[in-house]
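Below is one structure, written out as C-alpha cells, with a few remarks after it.
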Protein chains: 2
Amino acid sequence: MWTYENFPSAKVQATYGVKIDKPWLDHMRAASVRLPGCSASVVSKDGLVLTNNHCVVDCLVELSSPEKDHMKDGFLTATRAEERQCPGMTAEILVGTFDVTDQIRAATDGKTGQDYATARSAAIAAAEQANCKGEAGFRCQTIPLYRGGQYVVYRYQRYTDVRMVFAPEFAAAFFGGDPDNFNFPRYDIDAAFLRLYDKGQVVKTPTFLKWNASAPKAGEPTFVSGNPGSTERLLTVSQLETYRDLTIPAAQLQRSELRGRLIEYGRRDGEAKRLVADPIFSLENSYKVFFGRQFTLNDAAFLDMKRREEAELRAKVAADPKLAAEIGDPWGEIDAAQKAYADSFLAYRQLESDAGRGSQLFAWARTLVRAAAERPKASGERLSEFADSRLAGVERGLTTAKKVELPLEQINLEHWLLKSREYLAADPEAQAAVLGRESPEGLAARLVKSKLADPAVRKALWDGGAEAIKASDDPMIQFVLKLDPAARGVRTVWEAKVSGPTDRAAERIAKARFAAYGDSVYPDATFTLRLSYGKVAGWTHRGRTVEPFTTLGGAFERATGEEPYALPKSWLDAKAGLKLDTVYDFVTTNDIIGGNSGSPVVNAKGEVIGAAFDGNIHSLGGAYGYDGAINRTVVVSTAGVTEALKTIYRRDALVKELTGK
Amino acid sequence: MWTYENFPSAKVQATYGVKIDKPWLDHMRAASVRLPGCSASVVSKDGLVLTNNHCVVDCLVELSSPEKDHMKDGFLTATRAEERQCPGMTAEILVGTFDVTDQIRAATDGKTGQDYATARSAAIAAAEQANCKGEAGFRCQTIPLYRGGQYVVYRYQRYTDVRMVFAPEFAAAFFGGDPDNFNFPRYDIDAAFLRLYDKGQVVKTPTFLKWNASAPKAGEPTFVSGNPGSTERLLTVSQLETYRDLTIPAAQLQRSELRGRLIEYGRRDGEAKRLVADPIFSLENSYKVFFGRQFTLNDAAFLDMKRREEAELRAKVAADPKLAAEIGDPWGEIDAAQKAYADSFLAYRQLESDAGRGSQLFAWARTLVRAAAERPKASGERLSEFADSRLAGVERGLTTAKKVELPLEQINLEHWLLKSREYLAADPEAQAAVLGRESPEGLAARLVKSKLADPAVRKALWDGGAEAIKASDDPMIQFVLKLDPAARGVRTVWEAKVSGPTDRAAERIAKARFAAYGDSVYPDATFTLRLSYGKVAGWTHRGRTVEPFTTLGGAFERATGEEPYALPKSWLDAKAGLKLDTVYDFVTTNDIIGGNSGSPVVNAKGEVIGAAFDGNIHSLGGAYGYDGAINRTVVVSTAGVTEALKTIYRRDALVKELTGK
C-alpha cells in the first residue's frame, strides 16, 4: 500500500525484474480514479471508466423504476446518447500532493488539548485553501499519514457528471452470493463502466490505461492502483489480543444470532423475505469481514510476527536515548488501557457504541435527546458529534424522510435488549439501566409504538429542544431519556480510561516508527491513492492448493439454477457461442483492502488486465498485517469481461472503444 | 477433585486448620449418593436424599399428567404414603474401591492394536466379576484414572426404588432462567428430596449428613462430595489453543445462529413457542458452557499457567533418561496432530461429528444405512458403535417410538446445510458431498418428507438390511446413502491423523505425569466420587466484587413478574411471613463441574449446609483447569431451603425429619 511519492521501485526491480520509473508512475496515477468508497481507472481516451458492479449499486437503484430494475437486469447502452447520469456520483483524479507537515507542526507546536485541536484545524484549513484556492473542479484534502507522522494535502480534479455506460445483471456480478463472498474460485463479472462528462460533453482523457484482453499468466507481476480505505497495522500486540479475545468474538456471536433471526423471519412469506434481504446482505458481509479478521488473529504465526516487529521497534527506540525520552512507554500505557478496555467494554458496547443497533427509531430518539441537551452548550463543550461544524448534517439526517420497517425494528430492538440482558449479567446496574424491570420482548413491543417515523414529529422535537423532549410522551424518547445518563457515564469512562490514553500513546508509537524507519514503511491506509505490487498466484492453505484462475466455463459448471448459483438468462442463452476456456476471475498477491474495490490491476507495461473486486478470506486479516503466503486479491479479468461484452452482452461499440476492434 | 483414597488432609489442615480424618471421610463417603448424571446425599436416618430440582426433572415429567404438571407446580407430600417412585431412577452409594492396575497391565502387556483392546476388555470384565460376583443390589465398574495411569474397580450399592418426596416449582427452582444460569447473585431453590426404598420399605440409613440450617459464614471451610463428570485438564497447550481458536468458536457461532432461528420461530404463535422451548433450553445451556470455556481459554494468564505446568513436566521427563526414552515426545506428536486437526476439522465436523445435528430423521437414517453396511461384518471390524456389545442398544434406540416435530427438523437440517455450504467453501468436494447441486432450503424441504418417523418403517429397514436400504425410496435414506462414503472418508482421515495419534500420545503424557507426580495430583474427572475442599467466598473480576450470599428477600427484589423473573404464587402469598434476611444461595471456592449437581456442601464438622447446583461463568473453564481466584460453586443453602419448607411450602414432617424440630 505504497504512496506514489515513495514507491519502492528498486525492490520491485530486484524481485520481479520490472522497471517502474517516474513516467510509468505518472501515467498510472493520472489514470487512477477515486469514487465514493471505491476505486476505478480511465480506460479510453473518451473518459471511459472501469470499476466494479458493486461500486455502482446506488446508481443502478436510482436509475431503476417500477418498470425497469437495473440491479436485476443490468444496464446496457448501444450509443453514448443512452448513457445516464448517476445522481450524486463524483469521480476524482489525483493531480498533486503537497507535504504540509512543517506548517501544521509550526501552528500546533507547544499546544495541548483543545488549543491544539483548534490550531490544527485552522492550519489544515489554511493548507487546503493555499493549495486549491477555491478553484472550480478541484478539491483539496489534508491527510495525516503515519497516524499524524506526516501531513499531506491531496489535490484532486473532480468530476460531478458521471454516467452509467454498462452494468451486468446482479446474478452474474454477484454469482455465488454470500457463500462465495471473500472466497475463491469465483465466477463473478463484478465490473461496470462509467463515463466522465463535463458541461454535457465527454471528457477527453489522453492519459488512459491500455486495455489488454489477453489472459494473465501465473507468476506475472501485477500492480494495483487504488484507494485502500483503512488498516490497523500499527496496533500493538496487546490491542490485537483484545480484538481477538473480546471485541470481535462478542460482536460475531451477536451478529450470528441476529442473522439466524433475520433468516428465520424471512421464511414467513414473500414480504418478510423482501424485508430481510438488505439487512441480511450487509450483516453477512460484516460477519465475513470479521470472520476473516478473527481467523488471522487466531493464527499464532501471525501474532508472533507482530511480536517480533514490536520488539524490534522498541529496541530501536531504547537504543536512542533522546528518542526514548521523547517517546516514553506508550506500549505499557496501551497494555494498561487494555485492562480498562476489558473492564468496561461490554457496558460501553451495549449502552453506547452499539446501543439500539439496527433500530432507526432508537437512532433518531438518541439524536433528538442528545441534541436537545447539547445545543445550548458552547460548541467546544458538546459531545463531538454535535459540534457546530456537524450540526447542519445532523439536522439534515434527522429530518430526511426514511421508511421504517416495524418488524425489523422489533427484531433489532429485541435482539439488542436480549443480548444486553445476557452480556450485562455481571453488571446489574448497567443491565437495569437498559431494561429496568421490563422483559426484552415486552419493552421492544412498547418502543416500536413510537411516532418518530413521522418526519414532522422529529422536526417538532428538534425545534422544540429540551422542553419538547421532556414533555414528549413518545415511548422511544422517554426510554432514551431514561437510558442516557448511564450511556453517557460509560462513554465518559471509556474516553477517559480507554480511547483517550490509547490515542495519546498511539501517536507516540507512530512517531517512534517514523523516527526508526522513516518512509521505508508505508503508512496505514487512508482512502488515498496507493500502489501495490505483486503477482498472479494461487495459494496453499490447510493442505489445499487453490489455482489462480477460473474460466467462463467454470461458471456454468458451478451454476445449479438455484440462488445464489443461478446464472441470468443472457448467459444461458449465449453459452453455445462463448469461448468457455476464457480466463474469468483470478487472484494475485497484491495487498488491498476495502476501498480498493474497482481498482485497475495492471501488468508490467501498465496495461489493465482486470478490476480488483474482492479479497480471499485471509486478505481480511490484512486489516492488521499482510501475509503474502495466503492474502490474495480477487480480480475479474479483462479477458473475461471482453468475451462477455462481445458474446453475451453484444456491446460492439464498447468493445471497439476498449480494444480498437 | 480428589479421590477419597488420596485426599490431601495435611494440606487442608495447614490451610484451613480443619482435621479431615479417616472416620470423617468414611462417614462422608457413605452418605454420598450418585444419581444418573448427578450427585446427592443422604440427610436422614430414613433414606431421605437431598439433590437438585434440575436432577429430578425427568421424574417430575414422568409423574405428571394432563391434570397435574409437577414441573410447573412442584411436588409436595405430607406423608410417606404420598411419595411416588421415579420410573427408571437409580441411586448408588460407593461401598468400596479396588486397585486392579496390575491385573490389567499383566493381561495387556506387550499387546497392541485390536489384541490390546480385546485383552483389556476381558481383563476389565474379569476384575468387575471378581469384585461383585453378580451379587444382587451391587454394581461394579472399572474406571481408568489418570487417563489409564491407574485402573480402579468401584463397587456400589444400588437402589432401584427411589421415590419423589419434595420438589419446588420450576419458576422458583430455575428463577432467572438462562440469563442468570451460570451467574451469581442467584435466587434459586434448586433443591429436591428423594427417598430410598427397598422391597417397599424405607431404607434405613444410619450414616447420614446432619442437616445444619444456620447460615454459612464468609470464609468458612466447605467440602463438596460428588461425582464430577469429565474434565480435560491434561490437554496440552497446543490442544487448548486449537479449542480456543477453532473448535469452540466454530461451534459457538453456529449455535448462535441456530439460537436466533429458534427464538424467531418461537415468535410465530403459541404452538411454535411450545415447540422451541426445549431445544432453546438445551442450546442455551450448551452455549453458555462453551462461552465460559472460551472465556477461560482467552485468558492469557490461564494459558501461561498451563505453559508453565507443561514445561515443568517436560523438564522432569527430560531429567530422567529411562523415563524420557519410554515416553518419547508425545507433546511434539500432539502438536503435529493439531495441524492435521485444523486441516480436517471443518469437513469432519460438518460431514460426520455434527452432521444433521438436531434432526431425528437424519440420525435414524444414518443408523439404518450404516447398520446395514456394518452388521454383515465381524464385530471387531465394524465401526465401533456397531460392535456386538452395542448392537442391541442401537436397535432399541432405533425402534422406540419418538415424536418428530417437522418444523424443528426443517430448521435444524436447513441450518446444518447452510453452515456446511458456508464452512466448506474452501473444500468444494466436501461441500458437494453434502449439498450436491441443491440449495440448503430446497434439500431440507425434500428430506423432511421422509417416512422414518413411523417406527414400523424403521423396523422394516432394520430387518431388511442392505437390500432394503438400497431399494428404499425414502429421501432421507437415499440422501444419507449418498453422503456416507464422504462422511466415512473424513472420519477415517480424522481417526488416522488426529484422534488416533492424539490418544496414543496422551496416554504417554499421562504416564509421564504419573511418574513425575505420582498421586500428588488428582486424576481428571470420571463421574466417580471425589471430594473438593474450599471456602465460602465471593470474587472480584474486572473491577467488580461479587458478594458470596443472597437472601430470600433478594428474590422478591429481583422479581419483575415477567419470565424468567416471575416468582410462583406460593412465594408471593408467603412473602409476609418469610424471614427475608435468610441466606438463600451462596458461592464457595470448591472445584466442581457438571455431574456435581446436587452434591452436598458440608462444613468442617461434616454437616450439610447446602446443595451445589451450578458454577459461576468462570467455573466453566474448570474443564481445562481450576482458577481459585474466580472459579466458584453456586449453592442453595440449607438455611434457605429450611425457611422455604417451613414458611412457603409448610412441609412440617419434612422439616422435622431434617431438623428434629
Side-chain angles (χ1 to χ4, degrees), chain A residues 178-180 182-183 185 241 244-246 249 252-265 267-268 287 291 294-295 298-300 339-340 342-344 410-411 414-415 418 421-422 425-428 431 435-439 441-442 541-544 546 559-563 565 617, chain B residues 178-180 182-183 185 241 244-246 249 252-265 267-268 287 291 294-295 298-300 339-340 342-344 410-411 414-415 418 421-422 425-428 431 435-439 441-442 541-544 546 559-563 565 617:
Chain A
D178 173 68
D180 284 4
F182 297 114
N183 284 314
E241 287 171 339
R244 178 191 70 186
D245 296 339
L246 183 58
Q252 288 290 81
L253 289 169
Q254 294 200 21
R255 274 191 196 104
S256 286
E257 186 175 324
L258 181 59
R259 183 185 186 183
R261 293 196 65 155
L262 292 172
I263 290 173
E264 191 59 40
Y265 184 81
R267 295 289 185 265
R268 291 190 176 203
Y287 176 83
F291 190 88
Q294 177 88 59
F295 192 96
N298 280 349
D299 177 357
K339 213 198 144 294
D343 285 349
S344 48
Q410 173 78 27
I411 290 173
E414 207 182 290
H415 174 71
L418 275 167
R421 184 172 73 181
E422 179 175 330
D427 187 351
Q431 198 185 55
L435 283 165
R437 297 172 74 81
E438 291 181 89
S439 71
E441 302 82 348
H541 184 249
R542 289 185 176 163
R544 175 173 292 271
V546 179
T560 63
E562 298 217 49
E563 279 181 24
Y565 297 103
I617 194 79
Chain B
D178 173 68
D180 284 3
F182 297 115
N183 284 315
E241 286 171 339
R244 178 192 71 186
D245 296 339
L246 183 57
Q252 288 290 80
L253 289 169
Q254 294 199 22
R255 276 191 195 103
S256 287
E257 187 175 323
L258 181 59
R259 182 185 188 185
R261 294 196 65 155
L262 293 172
I263 291 173
E264 190 59 40
Y265 184 79
R267 295 289 186 263
R268 290 190 177 205
Y287 175 84
F291 189 87
Q294 178 86 60
F295 192 95
N298 280 349
D299 177 357
K339 210 197 147 298
D343 285 349
S344 47
Q410 173 78 28
I411 290 173
E414 208 183 288
H415 174 70
L418 274 167
R421 184 172 74 182
E422 179 175 329
D427 188 349
Q431 198 185 55
L435 283 164
R437 297 174 73 79
E438 291 180 272
S439 72
E441 301 84 348
H541 185 250
R542 289 189 176 159
R544 174 175 292 271
V546 179
T560 62
E562 298 217 48
E563 278 181 25
Y565 298 102
I617 194 79

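Chain letters run A, B, ... following the sequence lines, proteins first and then strands; every chain starts at 1. Computed from a predicted model, the values in this text were never measured in an experiment.
- Checked options B/Gln252, B/Gln294, B/Glu257; the residue passing with A/Leu253 is B/Gln252 (criterion: side-chain contact (heavy atoms from CB on, under 4.5 Å)).
- For the set A/Ala426, A/Gly561, A/Gly442, the entry with the most heavy-atom pairs within less than 4.5 Å of chain B is A/Ala426.
- With a 4.5 angstrom heavy-atom cutoff, A/Arg255 does not touch chain B via any of its atoms.
- Note that OH of B/Tyr265 is 10.0 Å distant from CZ of A/Arg268, once rounded to the nearest 0.5 Å.
- Residues passing the salt bridge (charged side-chain N to carboxylate O under 4.0 Å, His left out) test with A/Glu422, sequence neighbours excluded: A/Lys419, B/Arg259.
- A distance of 5.5 Å separates CD1 of B/Ile263 from CZ of A/Arg261, quoted to the nearest 0.5 Å.
- Under the rule for a side-chain contact (heavy atoms from CB on, under 4.5 Å), the partners of B/Ser439 that lie at least two apart in sequence or sit in another chain are A/Glu562, B/Glu441.
- For a residue to count as touching a neighbouring chain, one of its non-hydrogen atoms must lie under 4.5 Å from one of that chain's; by this rule A/Leu246 touches chain B with the side chain only.
- When each of B/Ala342, B/Ala300, B/Gly543, B/Pro249 is scored by its heavy-atom pairs under 4.5 Å with chain A, the top score falls to B/Ala342.
- With respect to chain A, the highest number of heavy-atom pairs below 4.5 Å among B/Phe291, B/Phe295, B/Tyr287 belongs to B/Tyr287.
- Here the CZ-CG distance, from B/Arg244 to A/Asp245, works out to 6.5 Å after rounding to the nearest 0.5 Å.
- Interatomic distance, A/Gln410 CD to B/Arg267 CZ, rounded to the nearest 0.5 Å: 8.0 Å.
- Formation of a donor-acceptor pair under 3.5 Å by the B/Arg421 side chain with backbone atoms of A/Pro179 is not found in this model.
- Distance check: A/Thr560 OG1 to B/Leu435 CG gives 9.5 Å after rounding to the nearest 0.5 Å.
- Interface residue B/Asp427: backbone and side-chain heavy atoms are both found under 4.5 Å from chain A.
- Neither the backbone nor the side chain of A/Asp180 comes within contact range of chain B; no heavy atoms are under 4.5 Å apart.
- For the set A/Gln431, A/His541, A/Glu414, the count of heavy-atom pairs under 4.5 angstrom toward chain B peaks at A/Glu414.
- Heavy-atom distances place no part of A/Gln254 under 4.5 Å from chain B, backbone and side chain included.
- Heavy-atom minimum distance, B/Arg544 versus A/Pro428: NH1-CD, 3.6 Å.
- Note that CD of A/Glu264 is 4.0 Å distant from CD1 of B/Ile411, once rounded to the nearest 0.5 Å.
- Contacts between A/Glu241 and chain B at a heavy-atom distance below 4.5 Å are absent for every atom of the residue.
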